[in-house]
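Remember, it's 1-based here, ligands and their atoms both numbered in the order they're listed. Computation of the quantities below employed the complete heavy-atom set of this structure, encompassing side-chain atoms and omitting hydrogens, waters and symmetry-equivalent molecules.
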Amino acid sequence: MEEIAVKVAVRVRPLLCKEVLHNHQVCVRVIPNTQQIIIGRDRVFTFDFVFGKSSTQDEVYNMCIKPLVLSLIEGYNATVFAYGQTGSGKTYTIGGGHVATIVEGQKGIIPRAIQEIFQSISENPTSDFNVKVSYIEVYKEDLRDLLELETSMKDLHIREDEKGNTVIVGAKECRVESVDEVLSLLEMGNAARHTGTTQMNEHSSRSHAIFTISVCQVERNPGAGEGGSWYAHRRIVSKFHFVDLAGSERVTKTGNTGERFKESIQINSGLLALGNVISALGDPRKKSSHVPYRDAKITRLLKDSLGGSAKTVMITCVSPSSSDFDESLNSLKYANRARNIRNKPTLNFSPESGRMDEMEFEIKLLREALQSQQTGVSHTSQIPPEAAPDKNRIHSLEEQVAQLQGECLGYQNCVEEAVTFLLDLRDAVSLNQQQQHKLQEWFNMTREVRKAALSSFRGSRGIGNQEEGPPHSTVLQLNREFKKYQVRRCHFFESFV
Ligand SMILES: Nc1ncnc2c1ncn2[C@@H]1O[C@H](COP(=O)(O)OP(=O)(O)OP(=O)(O)O)[C@@H](O)[C@H]1O
């Protein structure tokens, strides 16, 4: 599996009107025709992409995000996250805020990516797509569903699936069919997000927000099956996380008190945890050390994006103002360290679900074939009684496939449950005896279910000692038998013409 580095971009926003009015000096500049940034008089940093004060939203999108959208459609998970001091331009860049009223050129990353995803879908006639979005925020270390505010925080849980990908159990996933639908959900979520006014930023995000678009594509591949007469399905589910982190802030500078002060503490501790993860992953001297993903919700959520299986771009936003020199230098140091993080992107084929789709499809074909042949039989008065066993055979095949599908579903559900549970335990620091016992019980149960599924299938076929194989191979056997039956039946009818 190929390792690729997390790509790091730095964007320096222009001085804001109030900074110009207060006569702030510029202390961060892009060195023209390079990928370098200079801060102060002589601190130079090199990044994958650098964007200066006059860079446009379009440039940022095309350079950093477009390739990720293409990867998403290919089947990779992707993440872009914006990091930086409060007021440095993260929400502006990611595309939060009032997406509906914003002028075209000012649109941030999310609306542009959505546009492109739907464009790609419309240009792909060979697959069926199912697109869903979810939007959650981490506010003071609690998860909140921005698309379903009634959902209690307690009902949202962070879990890992069997591939190690982070999933939020309980978060509302809305099925969407158009760009406008996504934008109105985004707008709704943005309106529900915790924001507040601080001395540093009039519309400061007080939470980390994760907007996720999940694309499920089922490729229709005619003729791939034996004899070219049925459809093989490839199912890919890939996700794009757009993460707008809350900004780091110095409490003395923001002048925050009361609730804002409490928020600052939580924001900073989440970002500190993120800094530690970046440091553990990005510092070659700490290569073999423990990565403290579990120290905060945001680091747990970003686990597969940092050192995991996704393709990731980190956009570090910095203020050019000399009054923010220390914060900007810090952000650049973090960004520099993040360049050493390596991910191992993997394609998200879903072989199990693919098999289920395939089985469902075959059942459909079997049913259709059965129906049309039954009709044929009833219209053919000269058909001799020898046809009856064939009809019975097709009935029995259909029953077996249906039974197999039911067994596979039960088995799949059970395994999924066990995997989630076991992975949870695996992540725990240590297991006590009771937990180890429970773990063993789950292993035993899975084995039993699998055994029962196999023996019941063998029983239904009258097979005693056939080699154990995955349920998939039995479907293929059924398919083959059905084809043999079809050929025999054709010959049979031909002999009457
Ligand atoms: N590249 C840019 N060009 C023009 N204006 C910008 C740019 N980046 C940010 N701004 C402006 O700077 C201000 C602060 O930006 P924004 O709210 O995006 O910061 P933030 O990093 O998300 O802050 P916080 O962490 O407090 O939420 C906004 O008024 C925004 O419009």
Asks: Counting C-beta onward and ignoring hydrogens, is there a side-chain heavy-atom pair between Asp324 and Glu327 closer than 4.5 Å?
Replies: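 They are in side-chain contact.
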
Asks: Quick one: does atom 1 (N) of ligand 1 have a protein heavy atom under 4.0 Å from it?
Replies: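 Given the 4.0 Å limit, the answer for atom 1 (N) of ligand 1 is yes, a protein heavy atom qualifies.
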
Asks: Of the protein's non-hydrogen atoms, which lies at the shortest distance from atom 25 (O) of ligand 1, and what is that distance?
Replies: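 That would be Lys90 NZ, 2.8 Å.
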
Asks: For atom 7 (C) of ligand 1, is the nearest protein heavy atom closer than 4.0 Å?
Replies: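 True for atom 7 (C) of ligand 1.
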
Asks: Quick check, are the ring centers of Phe47 and Phe49 under 6.0 angstrom apart?
Replies: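 No - the distance between ring centres of Phe47 and Phe49 does not fall below the 6.0 Å cut-off.
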
Asks: Just one of Leu302, Ile158, Asn77 clears the side chain to side chain contact (heavy atoms under 4.5 Å, CB included) bar with Thr166, so which one?
Replies: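 The option that passes is Ile158.
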
Asks: To which protein heavy atom is atom 24 (P) of ligand 1 closest, and what is the distance rounded to 0.1 Å?
Replies: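 Protein heavy atom with the smallest distance to atom 24 (P) of ligand 1: Asn201 ND2, 3.5 Å.
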
Asks: Strictly below 4.0 Å, N to O, side chains only: are Arg193 and Asp244 in salt-bridge contact?
Replies: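 Salt bridge between Arg193 and Asp244, a charged N being under 4.0 Å from a carboxylate O: yes.
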
Asks: Give the atom numbers and elements of ligand 1 that come within less than 4.0 Å of a heavy atom of Pro14.
Replies: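 Ligand 1 atoms under the 4.0 Å threshold to Pro14: 1 (N), 2 (C), 3 (N), 4 (C).
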
Asks: So for Gln85, does at least one of its heavy atoms come nearer than 4.0 angstrom to any atom of ligand 1?
Replies: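 The answer is yes, since Gln85 has a heavy atom less than 4.0 Å from ligand 1.
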
Asks: If we only count N/O pairs under 3.5 Å, is Tyr92 in contact with ligand 1?
Replies: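 Yes.
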
Asks: For the side chain of Tyr135 and the backbone of Lys172, is there at least one donor-acceptor N/O pair under 3.5 Å apart?
Replies: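 It does not hold such a pair.
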
Asks: Between Lys297 and Glu141, is there a donor-acceptor pair closer than 3.5 Å when you use the side chain of the first and the backbone of the second?
Replies: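 Side chain of Lys297 to backbone of Glu141, a donor-acceptor pair under 3.5 Å: yes, one is there.
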
Asks: Mind checking whether Arg11 has a heavy atom under 4.0 Å from ligand 1?
Replies: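 It does; at least one heavy atom falls under 4.0 Å.
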
Asks: Of Leu274, Val318, Ile315, which meets side chain to side chain contact (heavy atoms under 4.5 Å, CB included) against Tyr83?
Replies: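 It is Leu274, the one option of Leu274, Val318, Ile315 that forms the side chain to side chain contact (heavy atoms under 4.5 Å, CB included) with Tyr83.
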
Asks: Considering non-hydrogen atoms of the protein only, which is the closest contact for atom 27 (O) of ligand 1, and what is the distance?
Replies: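 Checking every protein heavy atom, the shortest distance to atom 27 (O) of ligand 1 gives Ser205 N, 2.7 Å.
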
Asks: If you take the nearest heavy atom of each of Leu16, Val12, Thr86, which one is closest to atom 26 (O) of ligand 1?
Replies: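 Of the listed residues, Thr86 has the closest heavy atom.
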
Asks: Does any N/O atom on Asp244 come nearer than 3.5 Å to any N/O atom on ligand 1?
Replies: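 In this structure, Asp244 places no N or O atom under 3.5 Å from an N or O of ligand 1.
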
Asks: Counting heavy atoms only, which of Gly247, Cys317, Gly89, Ala209 comes nearest to atom 19 (O) of ligand 1?
Replies: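 Of the listed residues, Gly89 has the closest heavy atom.
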
Asks: Considering non-hydrogen atoms of the protein only, which is the closest contact for atom 14 (C) of ligand 1, and what is the distance?
Replies: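 Result: Gly87 O, 3.7 Å.
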
Asks: Could you please spell out the steps behind the side-chain hydrogen bond (donor to acceptor under 3.5 Å, both in side chains) verdict for His241 and Thr79?
Replies: CA-CA 5 Å; His241 298 300; Thr79 300; 5.1 Å; no

Asks: If I compare all heavy atoms of Thr46 with all of Asn336, which pair ends up nearest, and what's the gap?
Replies: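 The answer is O-OD1, 4.0 Å.
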
